[in-house]
Amino acid sequence: MKTTLSLLFCLALTCQAKNMNRVLLTDAATSKGAVCLDGSPSGYFIRNGTGRNTDKWILHQMGGGWCFNETDCYSRSKTYLGSSKFYPAALSFSGFLSDSQDVNPDFYDWNIVFIIYCDGASFAGYMEEPIMVNNTPIYFRGFNILKAVLDDLLEKGMKNANEVILTGCSAGGLATYVHADFVQSYLPSGIKYRAMADAGYFLDIPDVDGVRSFYLAMNAVFKLQNVSGGLNEDCMTAMAQGEEWKCIFAPYSFPYIKSPMFVLNSLYDTAQLAGILKLPCLPPNCTDKEMKFFYEFEHEFLSQAKPIFQSKSTGIFLDSCLIHCQTLTDKPWSSYAVGGQTMRETFADWYFERPSGKGQEVDCEWPCNLSCPGKARHPLDKAFSGLDKGGELCF
């Protein structure tokens with residue numbers, strides 16, 4: 001499958017925000033094998049908490065699709081999605097990671113960690129020896145990276161944490177489902193721990209031509225990077241022999257997650273419409289036949305989300321906006337609303353268990369939601385590739 005299928009993360013840079021500083025795990029690269037595809041050290045960006053919330057942490061797992069074969073991973077190793085060499089010494093973030101009290105009133109002063117994604121398998125793969133592609137070693141060490149980051153953060157103060165939220169979007173959102181219980185097991189016992197997955201509920205469905213191309217692609221990732229050791233253990237145990245690959249999909253693994261989860265997703269996730277369903281359009285520029293596929297996707301999403309609805313403790317925000325990741329930019333996080341509540345308010349109500357809050361919101365069919373933007377961005381629209389005028393790196 002071509003790299004254009006990669007569902008890349010959306011990183012909003014806010015020049016006026018406080019910078020997060022880059023940390024490269026050079027020692028762990030040697031001692032723990034925690035390296036990117038190209039062998040460069042893994043790492044993360046961090047902004048320390050302030051005031052009374054220095055013992056509270058948000059861990060965000062960066063997204064950016066996957067690599068599906070050796071050649072794909074080799075090509076990826078030459079980019080910021082497969083190497084730490086391309087990252088500046090500092091970056092600023094917005095949305096749920098913002099330090100603005102106006103944008104992010106409940107979490108602006110927490111310790112914020114943004115984990116660099118450079119392994120191509122949602123931090124789940126592990127192969128002891130690199131593979132050789134074009135006489136170049138390619139490393140599959142995503143699970144080692146995750147463990148090395150957690151070890152480093154514990155040494156730097158997270159061992160004294162009272163509250164931790166694990167999050168991520170796109171491939172990082174999938175990583176949030178996959179690693180929620182593992183990360184909790186790594187943390188001090190007795191702390192308040194929650195996980196919020198943004199745009200990580202990828203469906204196992206056929207595309208418009210009836211081909212389960214995304215299943216084939218993710219099954220290839222499962223085998224290529226040996227991700228079995230990095231998936232939810234209870235899910236892996238429950239699956240029949242030969243079907244362990246299912247645990248790389250959130251709909252199959254969700255019933256086995258013990259950690260409290262908040263599920264945030266669009267019912268019309270544009271990355272899935274383009275990359276999984278392979279719908280060549282977005283409304284209003286679709287034919288009647290294409291619109292039928294469009295609405296069938298939403299119905300299938302709700303069907304595969306039944307495990308979520310069956311969990312009374314799970315927080316839910318499913319909107320009908322034409323969008324992929326939503327927590328990394330100010331506008332979706334603070335203004336997109338369902339049932340009269342923004343996603344920011346809905347998550348905070350669920351997290352803080354506010355008696356007056358709802359904590360679970362599911363939207364009506366597109367185009368009912370007036371808080372959604374007027375024009376959506378489609379992952380296959382080259383006009384939005386790279387760094388646009390607004391300073392936003394999307395898809």
Side-chain angles (χ1 to χ4, degrees), residues 5-7 9 60-66 117 121-125 142-143 146 165-184 194-206 212-219 221-222 225 227-228 230-239 243-273 275-277 297-311 313-319 323-327 347 360 362:
L5 180 60
S6 296
L7 311 176
F9 79 115
H60 180 92
Q61 299 168 108
M62 172 181 156
W66 307 271
Y117 178 42
S122 291
F123 303 98
F143 200 36
L146 179 61
I165 298 173
L166 178 70
T167 185
C169 85
S170 194
L174 175 60
T176 303
Y177 291 110
V178 167
H179 300 303
D181 289 350
F182 172 76
V183 171
Q184 183 173 27
R194 303 288 186 269
M196 176 172 64
D198 175 11
Y201 208 80
F202 293 96
L203 304 186
D204 174 18
I205 57 171
R212 288 174 65 198
S213 54
F214 192 62
Y215 147 73
L216 295 172
M218 294 306 288
N219 200 11
V221 174
F222 181 87
Q225 294 217 32
V227 304
S228 57
L231 300 180
N232 183 287
E233 290 183 358
D234 290 343
C235 180
M236 292 292 291
T237 300
M239 292 301 160
E243 294 192 342
E244 295 89 350
W245 58 266
K246 288 184 175 180
C247 297
I248 204 171
F249 282 87
Y252 297 126
S253 63
F254 185 86
Y256 302 97
I257 299 173
K258 299 183 181 70
S259 305
M261 293 287 304
F262 188 93
V263 177
L264 194 157
N265 224 102
S266 168
L267 295 169
Y268 304 93
D269 188 322
T270 52
Q272 296 197 52
L273 290 173
I276 299 179
L277 187 61
F297 176 85
E298 182 234 6
H299 298 157
E300 185 62 30
F301 191 101
L302 291 172
S303 176
Q304 293 195 24
K306 286 179 181 178
I308 298 171
F309 302 133
Q310 291 168 354
S311 172
S313 62
T314 298
I316 301 170
F317 189 92
L318 302 178
D319 61 38
I323 195 169
H324 185 42
C325 291
Q326 303 186 70
T327 57
F347 175 71
Q360 294 187 337
V362 180

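Hydrogens, waters and symmetry mates play no part in the numbers below; they use all other heavy atoms, side chains included.
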Handout entry: Residues that Ala175 engages under side-chain contact (heavy atoms from CB on, under 4.5 Å), provided they are two or more places apart
Key = Gln61, Ser122, Phe123, His179
Problem - pair Thr270-Tyr268: side-chain heavy atoms closer than 4.5 Å - result: no
Handout entry: Pairs meeting criterion side chain to side chain donor-acceptor pair (under 3.5 Å) with involvement of residues 246-256, two or more places apart
Key = Asp204-Tyr252, Glu243-Lys246
Handout entry: side chain to side chain donor-acceptor pair (under 3.5 Å) between His324 and Ser170, worked out
Key = CA-CA 7 Å; His324 185 42; Ser170 194; 2.8 Å; yes
Exercise for the section: Report yes if some heavy atom in the side chain of Thr167 is under 4.5 Å from a heavy atom in the side chain of Phe262; otherwise report no. Expected result: no
Problem - Residue pair Leu174 / Met218: nearest heavy atoms and the distance that separates them - result: CD2-CE, 4.1 Å
Exercise for the section: Taking the side chain as every heavy atom from C-beta outward, state whether Pro307 and Pro255 have any atom pair closer than 4.5 Å. Expected result: yes
Practice task
Starting at CD of Glu244, measure out to CE of Met239 and round the result to the nearest 0.5 Å.
Solution key: 9.0 Å
Practice task
Would you indicate whether the side-chain heavy atoms of Phe301 and Gln272 approach each other to under 4.5 Å?
Solution key: yes
Practice task
Of all the heavy-atom pairs spanning Gln360 and Gly315, show the shortest one and how long it is.
Solution key: CG-CA, 4.4 Å
Practice task
Could you check if a side-chain atom of Ile316 sits within less than 4.5 angstrom of a side-chain atom of Phe309, using non-hydrogen atoms only?
Solution key: yes
Practice task
Measure the spacing between CZ of Phe347 and CG of Leu264 and express it to the nearest 0.5 Å.
Solution key: 9.0 Å
Practice task
Please test Phe214 against Leu277 for side chain to side chain contact (heavy atoms under 4.5 Å, CB included), starting from the C-alpha separation and ending with a verdict.
Solution key: CA-CA 9 Å; Phe214 192 62; Leu277 187 61; over 6 Å; no
Handout entry: Name of the residue among Leu146, Asn232, Leu166, Leu231 meeting side-chain contact (heavy atoms from CB on, under 4.5 Å) with Phe182
Key = Leu146
Practice task
Determine the minimum heavy-atom distance between Cys169 and His60, stating which atoms define it.
Solution key: N-CE1, 3.8 Å
Problem - Side-chain heavy atoms of Val263 within contact of Phe317, under 4.5 Å - result: no
Practice task
Using only heavy-atom distances, determine whether the side chains of Asn265 and Gln326 contain a donor-acceptor pair under 3.5 Å.
Solution key: no
Practice task
Kindly write out the residues that satisfy side-chain contact (heavy atoms from CB on, under 4.5 Å) with Ser303, not counting sequence neighbours, or none if the list is empty.
Solution key: Lys306
Handout entry: Nearest-0.5 Å distance, CD of residue Glu298 to CG of residue Leu267
Key = 5.5 Å
Handout entry: Non-neighbouring partners of Pro251 that pass side-chain contact (heavy atoms from CB on, under 4.5 Å), sequence neighbours left out
Key = Tyr201, Leu203, Phe249, Gln304
Practice task
Work out which heavy atom in Ala199 is nearest to a heavy atom in Asp269; give both atom names and the distance.
Solution key: CB-OD2, 3.9 Å
Problem - Under 3.5 Å donor-acceptor, Thr176 side chain and Gly172 backbone - result: yes
Fill in the blank from the handout: Nearest heavy-atom contact between Val227 and Ala121 is CG1-CB, 4.1 Å
Fill in the blank from the handout: One should read off an interatomic distance between Cys235 SG and Ile248 CD1, to the nearest 0.5 angstrom, of 10.5 Å
Problem - Shortest non-hydrogen separation from Gly173 to Ala197 and the atoms involved - result: O-CB, 3.6 Å
Exercise for the section: Check whether the ring centres of Phe202 and Trp66 lie less than 6.0 Å apart, and answer yes or no. Expected result: yes
Practice task
Drop me the distance from Thr314's OG1 to Met261's CE, to the nearest 0.5 angstrom.
Solution key: 7.5 Å
Problem - Which residues share a side-chain hydrogen bond (donor to acceptor under 3.5 Å, both in side chains) with Asp198, sequence neighbours left out - result: Thr327
Handout entry: side-chain hydrogen bond (donor to acceptor under 3.5 Å, both in side chains) against Gln184, all qualifying residues, sequence neighbours excluded
Key = Ser259
